[in-house]
Participant: 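Take this structure, written in structure tokens, and hold onto it; I'll ask about it next.
This structure is a prediction, so every number in the text was calculated from the model and none was measured.
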Amino acid sequence: MPCSPLASKSEKEDGYHALEDFLHVIVNGLWRTFWRKSGPLPFSLCCFHHPGSKFYAVEKAISRGRLEELRGLALISKNGNNLKVHWNQVVELVLFRQNILSGNELKLSVSTICEALFYGVHILISRCLSKSRTISNDSVFIMVFDSKFGAVIKLGGDLSKLELNTGDPYQSVSHWIKCHAEVLLSSVETIWNRLGNANWGDLGTLQVLLAAFYSIVQCNGPPRKSISSLASAHSLRLQKRRIECRLAENENAKIPYQQDGYQHGEIVELDHSDNPLVKNTSHLKLRQGEILLLEDQQQGQKSFQIQESFIGGNYFLYGAISLDYPTQLLTLYVGAHPSRLEPSWEDMSLWYQVQRQTKVLNILKHQGVSSKYLPEVIASGRILHPGPCKKQSPSGRCDHPWCGTPILVTLPVGEPLSYIVARDGPFSSDDALRCCRDCLVALRSAATASVQHGDISPENIIRVFNMQGTRHKVLYIPVSWGRAVLEDRDSPAINLQFSSSHALLHGKLCPASDAESLVYLLFFVTGGRMHPQDSIESALQWREKSWATRSIQQHLGEVSPLLKAFSDYVDSLCGTPYPVDYDIWVKRLNRAVDGSGSADRGKMIEEVAMTLRLENVAESSGTSGGGT
């Protein structure tokens with residue numbers, strides 16, 4: 001799509017060609033996916049000038065010099081061998097204008113809406129008056145585009161209630177729209193990026209796809225496949241594409257696998273009914289009361305009984321007890337079978353939650369990093385399935401669907417912050433300060449082993465009630481260390497709401513990335529408004545605006561001056577190579593959380609060798625009471 005603001009004749013031609021290609025890809029893809037894989041496409045794309053005008057192919061309209069008169073494109077339902085096209089055959093209409101926005105606001109202009117309704121009424125009346133009603137006349141979808149943005153308008157209603165006044169038909173139609181019609185407008189979204197490429201993964205294109213889908217349903221009836229069935233088969237389709245890759249027996253790398261009888265590079269369709277990897281693809285799902293036997297290479301066999309089940313995110317999570325010590329509830333993660341590694345995003349998330357989290361927690365343990373604010377590995381290994389096992393070696397696997405399924409058991413068990421906030425509302429000042437302190441202690445401990453969490457979010461921080469002591473009744477513990485960054489080549493998780501700006505921009509962490517994510521988390525749990533983000537670009541814009549206007553600092557300042565000072569400090573480090581001074585802030589937060597005074601006592605910093613950066617930040621935030 002041409003993206004120049006100057007609409008020359010050649011760019012208008014290119015624009016119509018781009019729009020035609022864009023719509024053809026959508027319609028052809030939907031038809032081949034949901035209705036028929038083969039055979040001719042029962043639709044065509046034609047351009048039009050005004051209601052009642054003839055329909056032309058885009059090339060024909062351009063060759064006749066009628067480009068300036070074109071108003072858009074129409075998806076036409078083919079009527080046998082009859083080449084003459086009527087307006088009652090319009091499946092959906094697409095208006096193409098130079099600008100669809102209302103001034104500088106991201107909403108449709110009044111003229112755009114009026115033109116869309118004008119054509120929509122014309123199509124509905126044409127369908128109603130047609131002798132052969134092949135398309136439902138209950139509603140019609142009208143798409144509106146310019147060279148960057150797009151939106152969908154749906155017009156529907158009972159035309160039998162249209163009281164036509166031949167003296168003023170427009171007034172009659174206007175009254176019908178006001179009193180009897182239903183007009184639905186989608187949000188205006190970016191369809192084409194700055195390079196002119198369609199943003200297929202974004203909300204704007206999804207709106208267009210759904211409008212085209214339901215328009216085809218109106219014309220040709222329900223699809224042979226439903227959207228839900230296609231989504232449920234997603235894992236299988238991905239596994240068929242990647243079946244040539246198998247996991248090496250004892251290595252964390254994939255090796256190419258080639259079926260016998262096929263030449264290199266040849267694309268073949270695999271019959272999954274004959275494939276043993278696809279036959280046994282059901283996840284291991286455990287029920288309350290079931291006993292799980294785990295083979296730990298270091299501790300031998302251990303037995304756990306399932307107490308409760310939590311299915312959260314993309315991994316299977318259970319509460320369990322050890323039969324050796326049945327008084328303590330543990331967290332038990334069930335991973336994906338090794339033969340299913342990487343057929344879907346779900347199984348890849350399972351790999352991060354079980355295998356890689358086991359590796360990260362063991363690294364922390366072997367380097368002597370121990371803290372009550374970090375999860376502890378109780379056991380890890382592979383499940384021992386019931387019945388005989390035919391594996392050839394201790395590290396091998398038999399063809400039983402459970403054989404080799406990895407298990408991770410950790411301590412403690414708690415509720416994620418996302419659930420707590422949804423149930424109980426925003427945190428108080430004391431809870432927010434304690435949460436910040438506990439998380440910083442955990443991050444400081446991990447940093448001593450050069451480990452960064454990489455996925456700080458409300459789902460990955462749990463609240464634990466410590467019953468063993470009276471001083472610390474509540475602990476906040478970062479869990480889900482599977483996306484931790486151990487070296488430069490590791491990539492963190494990408495969370496549009498809580499990832500740091502550096503992670504969104506570069507796919508890597510800077511030294512202050514976890515602290516920046518913690519600030520966003522504190523902003524969220526204390527009631528800050530975080531709008532849902534639909535792209536990395538919008539997420540970065542929100543961060544830039546929030547830091548520039550100091551809205552994050554102002555909100556946290558209303559909760560606690562100390563949290564405001566901390567957010568100011570993190571703001572000064574974002575994107576820089578400077579590490580976070582965890583010791584300073586843990587000491588200040590310790591005074592605020594456990595001290596006898598108020599949170600403002602955290603203003604007193606005892607370190608004489610305090611950095612100039614911290615002094616400036618504390619003074620500018622209004623929390624430095626002249627302390628030294």
Side-chain angles (χ1 to χ4, degrees), residues 373 414-443 453 455-465 472-480 495-501 512-533 539 542-574 580 582 585-586 588-595 597-603 617-618 620-623:
Y373 301 103
E415 293 179 319
L417 299 194
S418 55
Y419 175 77
I420 296 173
V421 171
R423 183 189 62 192
D424 302 333
F427 277 22
S428 65
S429 175
D430 291 340
D431 288 335
L433 287 168
R434 184 180 296 275
C435 177
C436 182
R437 190 275 308 271
D438 292 357
C439 291
L440 286 180
V441 173
L443 296 177
H453 187 281
D455 195 11
I456 297 292
S457 67
E459 292 78 18
N460 295 333
I461 307 294
I462 61 173
R463 184 178 68 182
V464 178
F465 290 96
H472 303 292
K473 295 183 179 180
V474 177
L475 299 178
Y476 295 92
I477 299 177
V479 294
S480 298
N495 187 313
L496 295 181
Q497 288 188 300
F498 298 99
S499 290
S500 67
S501 301
S513 287
D514 281 343
E516 183 182 346
S517 295
L518 179 59
V519 170
Y520 300 142
L521 180 138
L522 294 170
F523 181 76
F524 169 77
V525 299
T526 55
R529 294 186 61 186
M530 299 190 73
H531 301 285
Q533 306 297 331
W542 179 83
R543 284 158 173 73
E544 182 180 2
K545 181 179 179 181
S546 298
W547 289 115
T549 59
R550 296 179 55 78
S551 60
I552 294 176
Q553 292 97 315
Q554 290 171 5
H555 172 80
L556 292 178
E558 296 175 0
V559 178
S560 166
L562 190 53
L563 293 182
K564 180 183 179 182
F566 176 67
S567 61
D568 268 323
Y569 172 71
V570 172
D571 184 24
S572 69
L573 293 180
C574 289
V580 177
Y582 289 110
W585 290 100
V586 168
R588 296 187 71 184
L589 288 162
N590 275 334
R591 293 194 188 97
V593 173
D594 302 325
S598 65
D600 288 337
R601 292 194 55 178
K603 291 182 289 189
V617 169
S620 65
S621 62
T623 62

Participant: About how many Å separate CG of Leu475 and SG of Cys439, when rounded to the nearest 0.5 Å?
Facilitator: 11.0 Å
Participant: Any side-chain heavy atom of Glu516 within less than 4.5 Å of one from Leu573?
Facilitator: no
Participant: If you define the side chain from C-beta out and look only at heavy atoms, does anything of Leu589 sit under 4.5 Å from Phe566?
Facilitator: no
Participant: Shortest non-hydrogen contact from Ser560 to Ser429?
Facilitator: CB-OG, 3.8 Å
Participant: For Ser500, which residues count as a side-chain hydrogen bond (donor to acceptor under 3.5 Å, both in side chains) partner, sequence neighbours excluded?
Facilitator: Ser513
Participant: List the atom of Tyr520, the atom of Ser501, and the distance in Å for their closest heavy-atom pair.
Facilitator: OH-OG, 4.0 Å
Participant: Going by side-chain contact (heavy atoms from CB on, under 4.5 Å), name the residues that satisfy it together with Val593, two or more places apart in sequence or in a different chain.
Facilitator: Leu433, Arg434, Arg437
Participant: Within a radius of less than 6.0 Å around CD of Gln554, do more than 12 heavy atoms belonging to other residues, nucleotides or ligands occur?
Facilitator: yes
Participant: According to side chain to side chain donor-acceptor pair (under 3.5 Å), does anything in residues 521-532 pair up with another residue at least two apart or in another chain? List the pairs.
Facilitator: Thr526-His555
Participant: Could you tell me whether the side chain of Ser567 reaches within less than 4.5 Å of the side chain of Leu522, counting heavy atoms only?
Facilitator: no
Participant: For Phe524, what residues pass the ring pair (Phe, Tyr, Trp, His ring centres under 6.0 Å) criterion, not counting sequence neighbours?
Facilitator: Phe498
Participant: To the nearest 0.5 Å, what is the distance between CG on Leu521 and SG on Cys436?
Facilitator: 9.5 Å
Participant: If we only count heavy atoms from C-beta on, is the Leu496 to Trp542 side-chain gap below 4.5 Å?
Facilitator: no
Participant: Once you round to the nearest 0.5 Å, how far does CD of Glu558 lie from CD of Gln553?
Facilitator: 12.5 Å
Participant: Answer yes or no: is there a donor N or O on one side and an acceptor on the other, between the side chain of Asp514 and the main chain of His453, under 3.5 Å?
Facilitator: yes
Participant: Are Leu443 and Ile456 side-chain neighbours, meaning at least one heavy-atom pair lies under 4.5 Å?
Facilitator: yes
Participant: Output all residues satisfying side-chain contact (heavy atoms from CB on, under 4.5 Å) with Ser418, sequence neighbours left out; order by chain, then residue number.
Facilitator: Pro416, Pro458, Glu459
Participant: Side chains of Phe427 and Ile420: closer than 4.5 Å at any heavy-atom pair?
Facilitator: yes
Participant: Hey, does Tyr476 have a side-chain heavy atom less than 4.5 Å from the side chain of Ile462?
Facilitator: no
Participant: Within the structure provided, determine whether Ile552 and Leu556 are in side-chain contact (heavy-atom separation under 4.5 Å).
Facilitator: yes
Participant: Sequence neighbours left out, what passes salt bridge (Lys or Arg N to Asp or Glu O under 4.0 Å) with Arg463? Give chain and number order.
Facilitator: Glu415
Participant: Do the rings of Trp585 and Tyr569 sit parallel, tilted or perpendicular, given the 30° and 60° boundaries?
Facilitator: tilted
Participant: If you measure from CG on Asp438 to CD1 on Ile461, what distance do you get to the nearest 0.5 Å?
Facilitator: 10.0 Å
